[in-house]
2 protein chains.
Amino acid sequence: MTNQMKIISDKIVLNKNSHYIWAKSKSRMFSKACEYGIRATLYIAQKSLNGQRASLKAITHEIDSPEAFTAKILQQLAKAQVVRSVKGPHGGFEIAREDIDSMRLSEIVNAIDGDNIYKGCGLGLKACNAQKPCPVHHKFTAIRNDLKTMLQETRLLELATSLETGLTFLKR
Amino acid sequence: MTNQMKIISDKIVLNKNSHYIWAKSKSRMFSKACEYGIRATLYIAQKSLNGQRASLKAITHEIDSPEAFTAKILQQLAKAQVVRSVKGPHGGFEIAREDIDSMRLSEIVNAIDGDNIYKGCGLGLKACNAQKPCPVHHKFTAIRNDLKTMLQETRLLELATSLETGLTFLKR
DNA sequence: TCAATAAAAGATATAAAGGTCTTAATATCT
DNA sequence: AGATATTAAGACCTTTATATCTTTTATTGA
Ligand code: FES
Ligand code: FES
């Protein structure tokens, strides 16, 4: 590289006039909002199993997420009835025991990211359509369906339990 | 809804003061740049199999993508040696026959999106780490590995051939 | 009923992705 | 050599995602 561009970080590249030029888009399966949302929900589930509510402060501390942004996401999850919120002293977020048993990962993902991840075309055609498939359709739908099945079958209880027993973690 | 917010489209929601509030992030497996990049590469491969070059204009027409943006993506792919570009009259983009045989889908994805999609943690922890796994680690890595394998095994030739025979499509 | 606490709602700010436009470089043909 | 065709490079603009800050609403308990 003989020119004067400046690499600020892995993601930020500026040229000599300090204009942003290009960096690989760090694509992810779920949006950050959804990642925080899943982690927050799992923490709340874990606390709820112990008969406790989780406050916003506790949540953001335990999952290492930005507080105000996490609040917004929890609002969404409360509207979607994934979690229940309680205002005032000793308030916070909770999930009913029977919901922890029955709720699936897919409900959280749906509430935040919608279902495009397992319905949309892998190459971005308007919709996935087996009658007029894109070149990756067959290979892609197989993986997408596995993802869909996994999300729809995985219960909150199972994930919250592995957290409780210290087998898995929400931050590092 | 008794308030005055205005739903402009599926993705754009404004409140009474015309401030953007919130909409589900349409998450996708690959970035749009990557989707266009794959589609463009497949079209170029198909033309190359017929001994022809593909011009930017022809590409954007055939894959239905924004011209200037597609040009940027093709620049990236040329730098990554996924495609070869030729300037001047009768110029355009091409892929050597032997590369069409050997090149895998993963090379295109890597050139544009990098490898986070099959290396990163599904819940957004700094890195995926089996020693201190997140709650979805085991279920997630299984799917991610299937995706990785699929991308690494799928050859351009196979996809370009299915296009040529009219079994699959790059736009609709 | 009042102070304190905690979430909801709203406004605004910043960063990244997606996209356009203009000029430069390079190849081809006459 | 000059006109033309085509991609490369750079600057810039727009939209969406991510994030923060401020004000309002609900709940509790002294
Ligand atoms: S049409 Fe592209 S994935 Fe189904
Ligand atoms: S640690 Fe989260 S996917 Fe491996």
Side-chain angles (χ1 to χ4, degrees), chain A residues 3-5 8-28 30-37 53-60 65-79 83-94 112-113 124, chain B residues 3-5 8-28 30-37 53-60 65-79 83-94 112-113 124:
Chain A
N3 60 15
Q4 298 164 279
M5 69 180 187
I8 302 287
S9 79
D10 200 42
K11 299 203 61 167
I12 303 164
V13 182
L14 306 180
N15 70 4
K16 61 186 167 173
N17 294 81
S18 295
H19 289 116
Y20 179 92
I21 26 180
W22 176 84
K24 281 183 189 180
S25 64
K26 186 142 179 169
S27 74
R28 41 180 91 241
F30 310 117
S31 68
K32 291 191 99 175
C34 192
E35 291 174 350
Y36 295 145
R53 278 186 193 138
S55 71
L56 176 62
K57 269 203 181 345
I59 293 167
T60 57
S65 67
E67 184 169 320
F69 190 42
T70 307
K72 286 293 177 202
I73 297 160
L74 286 166
Q75 253 179 69
Q76 278 304 126
L77 291 173
K79 274 184 196 150
V83 301
R84 202 175 86 84
S85 74
V86 179
K87 286 181 180 176
H90 317 299
F93 298 87
E94 62 185 16
I112 299 173
D113 277 356
Chain B
N3 59 17
Q4 299 163 281
M5 69 181 188
I8 301 289
S9 79
D10 200 41
K11 300 201 64 163
I12 304 163
V13 183
L14 306 179
N15 71 5
K16 62 187 167 174
N17 293 79
S18 294
H19 289 115
Y20 178 92
I21 27 178
W22 177 85
K24 282 184 187 178
S25 63
K26 185 142 180 169
S27 76
R28 42 181 89 240
F30 309 119
S31 67
K32 290 193 99 173
C34 192
E35 291 174 351
Y36 294 144
R53 278 186 193 140
S55 71
L56 176 61
K57 268 204 183 343
I59 294 167
T60 57
S65 67
E67 184 168 320
F69 189 40
T70 306
K72 286 292 174 203
I73 296 161
L74 286 167
Q75 253 179 70
Q76 279 303 128
L77 291 174
K79 275 185 196 149
V83 301
R84 203 175 86 83
S85 73
V86 180
K87 286 179 183 177
H90 316 298
F93 298 87
E94 62 185 17
I112 299 174
D113 276 356

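As a basis for the values below, the full set of heavy atoms in this structure was taken, side chains included, without hydrogen atoms, waters or symmetry mates. Lettering of chains follows the sequences in order, A, B, ..., and the numbering in each one begins at 1. A quick note: this is a predicted structure, and the numbers were derived from the prediction, not measured.
- Regarding B:Glu94, its CD atom lies at a distance of 13 Å from the C1' atom of D:dT7, rounded to whole Å.
- For the pair A:Lys79 and A:His90, nearest-nucleotide mapping onto DNA chain C gives the more 5' position to A:His90.
- Nucleotide C:dA17 holds its P atom 10 Å from the CZ atom of B:Phe69, rounded to whole Å.
- Among the heavy atoms of the strands lying under 4.0 Å from B:Lys72 is at least one base atom, whether or not backbone atoms are also near.
- In this structure, the side chain of A:Arg53 engages the main chain of A:His90 through a donor-acceptor pair within 3.5 Å.
- Looking at A:Gln75, its side chain has no donor and acceptor atom pair within 3.5 Å of the base of C:dA7.
- In terms of phosphate contacts, A:Ser55 brings no side-chain nitrogen or oxygen within less than 4.0 Å of OP1 or OP2 of C:dA7.
- Taking atom CZ of residue B:Arg84 and atom P of nucleotide D:dT6, one finds them 16 Å apart after rounding to whole Å.
- Looking at A:Glu94 and A:Val86, their side chains come closer than 4.5 Å, going by heavy atoms from C-beta outward.
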Between B:Ser27 and A:Ser31, does a side chain to side chain donor-acceptor pair (under 3.5 Å) hold up when you go through it step by step? CA-CA 6 Å; B:Ser27 76; A:Ser31 68; over 6 Å; no
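- For B:Phe93, there are no ring-ring contact (aromatic ring centres under 6.0 Å, His included) partners, not counting sequence neighbours.
- B:Arg28 has its CZ atom 11 Å from the C1' atom of C:dA17, to the nearest Å.
- If A:Pro66 and B:Leu56 are placed on DNA chain D by their nearest nucleotide, the residue sitting closer to the 5' end is B:Leu56.
- Comparing A:Glu67 and B:Leu74 along DNA chain D, the residue whose closest nucleotide (by nearest heavy atom) sits nearer the 5' end is B:Leu74.
- The side chain to side chain donor-acceptor pair (under 3.5 Å) test applied to B:Ser85 returns no partner, not counting sequence neighbours.
- Between the CZ atom of B:Phe93 and the P atom of D:dT6 there is a distance of 12 Å, given to the nearest Å.
- In this structure, B:Thr70 and B:Arg53 both approach DNA chain C, and ranking their closest nucleotides by distance from the 5' end singles out B:Thr70.
- Between B:Thr60 and B:Pro66 the shortest side-chain heavy-atom distance does not fall below 4.5 Å.
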Pairs: protein N or O with nucleotides 24-26 of chain D N or O, under 3.5 Å:
{"from": "D:dT25", "atom 1": "O2", "to": "A:Lys87", "atom 2": "NZ", "distance (Å)": "3.4"}
{"from": "D:dA26", "atom 1": "O4'", "to": "A:Lys87", "atom 2": "NZ", "distance (Å)": "3.3"}

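- Look at A:Tyr36 and you'll find a side-chain N or O under 4.0 angstrom from OP1 or OP2 of D:dA19.
- When all heavy atoms are compared, the tightest approach of B:Ser65 to B:Thr70 is OG-OG1, 2.7 Å.
- Remark: B:Ser85 is in phosphate contact with D:dA8, judged by side-chain N or O atoms under 4.0 Å from OP1 or OP2.
- Rounded to an integer number of Å, the gap from NZ of B:Lys32 to C1' of C:dA16 is 15 Å.
- The separation between A:Gln76 atom CD and D:dA17 atom P is 13 Å, rounded to whole Å.
- Going from atom CG of A:Asp113 over to atom C1' of D:dT16 covers 13 Å, rounded to whole Å.
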